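Take a look at the structure below.
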Amino acid sequence: MDIALDKVTEIILRLRAVEAKEGATDPDSGSNPVDDGAADVLVGGTDDATEQEIASAIAGLNEDERSNLMALLYIGRGDLEAAEWGEAVRMAKEREVAGDSPVRELLGTPDAAALLEEGLDSLGIAMDAPEA
C-alpha cells in the first residue's frame, strides 16, 4: 500500500465526524450550546469545516496515495477483492483521470469511513488507534 496508515486513519476519523452529523432539526431554536447540552455539534451546517478538512487532506495526497485510498474504498465495499489490489489502484487512477473526484466520491458514499476500514481489514492491516 502506497499511503501511510496515519493518513488513512486521519481521513477515516474526519469522515466519521461528517457521517455522525444530521441536518438541522430545529434551525430557529435560538438556544445556545449550554441550553441544548451542546447537541448542535451533531448538526451539519454551512459553518462546518469538517468536509473542507477532508477535501484538504485528500488534496494534500499525491496521485498514488489518492489511488490507494480509493482502492481501499473499492475493496471495502466489495467492488473488488483484496487479491485484486493492483486492479483496484488502476481503476482508481482511471476514474480520477475521467473526472471522478476522490473527495466527491468519499463524501458521497454512505458509510465511507467503515468501508475504508473494511478495505484495510481485507488487506490484513489494523487501523491506527487515535492518540488521546
Side-chain angles (χ1 to χ4, degrees):
M1 192 170 76
D2 291 332
I3 183 171
L5 186 55
D6 63 328
K7 291 180 180 182
V8 176
T9 301
E10 180 65 25
I11 291 169
I12 288 171
L13 293 175
R14 292 191 187 282
L15 283 168
R16 282 184 190 159
V18 169
E19 292 168 357
K21 294 184 182 278
E22 59 183 48
T25 55
D26 187 16
D28 297 321
S29 70
S31 66
N32 64 46
V34 173
D35 292 340
D36 67 12
D40 284 344
V41 74
L42 296 176
V43 177
T46 56
D47 61 344
D48 182 12
T50 310
E51 288 186 20
Q52 182 56 44
E53 291 168 358
I54 293 169
S56 294
I58 293 171
L61 300 176
N62 66 39
E63 178 185 354
D64 289 336
E65 291 171 326
R66 286 191 311 273
S67 297
N68 278 248
L69 182 67
M70 297 312 297
L72 284 173
L73 178 72
Y74 302 153
I75 289 171
R77 75 177 173 205
D79 296 346
L80 296 159
E81 299 295 322
E84 299 172 294
W85 175 255
E87 174 66 17
V89 172
R90 185 189 61 74
M91 185 171 96
K93 286 181 180 185
E94 287 176 357
R95 291 183 72 165
E96 188 170 0
V97 167
D100 290 342
S101 163
V103 173
R104 193 170 42 248
E105 189 165 358
L106 282 168
L107 290 174
T109 299
D111 299 324
L115 294 174
L116 288 172
E117 278 190 80
E118 287 179 35
L120 288 171
D121 287 345
S122 294
L123 295 173
I125 301 170
M127 189 174 98
D128 281 345
E131 295 181 19

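Reckoned from all heavy atoms, side chains included, excluding hydrogens, waters and symmetry mates. Since we're looking at a predicted model, the values are computed, not measured.
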query: Between Asn68 (side chain) and Met1 (backbone), is there a donor-acceptor pair under 3.5 Å?
result: no
Spacing of [X] atom [atom1] and [Y] atom [atom2] [to the nearest 0.5 Å]:
{"X": "Asp6", "Y": "Met127", "atom1": "CG", "atom2": "CE", "result": "11.5 Å"}
{"X": "Leu106", "Y": "Arg14", "atom1": "CG", "atom2": "CZ", "result": "14.0 Å"}
{"X": "Leu123", "Y": "Ile75", "atom1": "CG", "atom2": "CD1", "result": "5.0 Å"}
{"X": "Ile3", "Y": "Asn62", "atom1": "CD1", "atom2": "CG", "result": "8.0 Å"}
{"X": "Trp85", "Y": "Leu72", "atom1": "CH2", "atom2": "CG", "result": "4.0 Å"}
{"X": "Met70", "Y": "Ser101", "atom1": "CE", "atom2": "OG", "result": "8.5 Å"}

Can you confirm whether Glu81 is buried at CD, in the sense that more than 12 heavy atoms of other residues, nucleotides or ligands lie under 6.0 Å from that atom?
no
Discussion item. Once salt bridge (Lys or Arg N to Asp or Glu O under 4.0 Å) is applied, do any residues pair with Glu87, and if so which ones, sequence neighbours excluded?
Written reply: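 Partners of Glu87 under the salt bridge (Lys or Arg N to Asp or Glu O under 4.0 Å) test: Arg90.
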Kindly give the heavy-atom pair with the smallest separation between [X] and [Y], and that separation in Å.
{"X": "Ala82", "Y": "Ser122", "value": "CB-O, 3.4 Å"}
{"X": "Arg104", "Y": "Gly99", "value": "NH2-O, 3.2 Å"}
{"X": "Leu80", "Y": "Ala88", "value": "CD1-CA, 3.4 Å"}

Next on the checklist: Can you pull out every salt bridge (Lys or Arg N to Asp or Glu O under 4.0 Å) where at least one residue sits in residues 55-78? Sequence neighbours excluded, please.
Outcome noted: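 Listed once each, the pairs are Lys7-Glu65, Asp64-Lys93, Arg66-Glu96, Arg77-Asp79, Arg77-Glu105.
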Distance-only donor-acceptor pairs under 3.5 Å for side chains of residues 111-120, two or more places apart:
from   : atom 1 : to    : atom 2 : distance (Å)
Glu117 : OE1    : Arg16 : NH2    : 3.3
Glu117 : OE2    : Arg16 : NH2    : 2.3

* Using a 4.5 Å cut-off on heavy atoms from C-beta on, say whether the side chain of Leu61 contacts that of Ile11. =>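 Heavy-atom side-chain distance check passes, below 4.5 Å.
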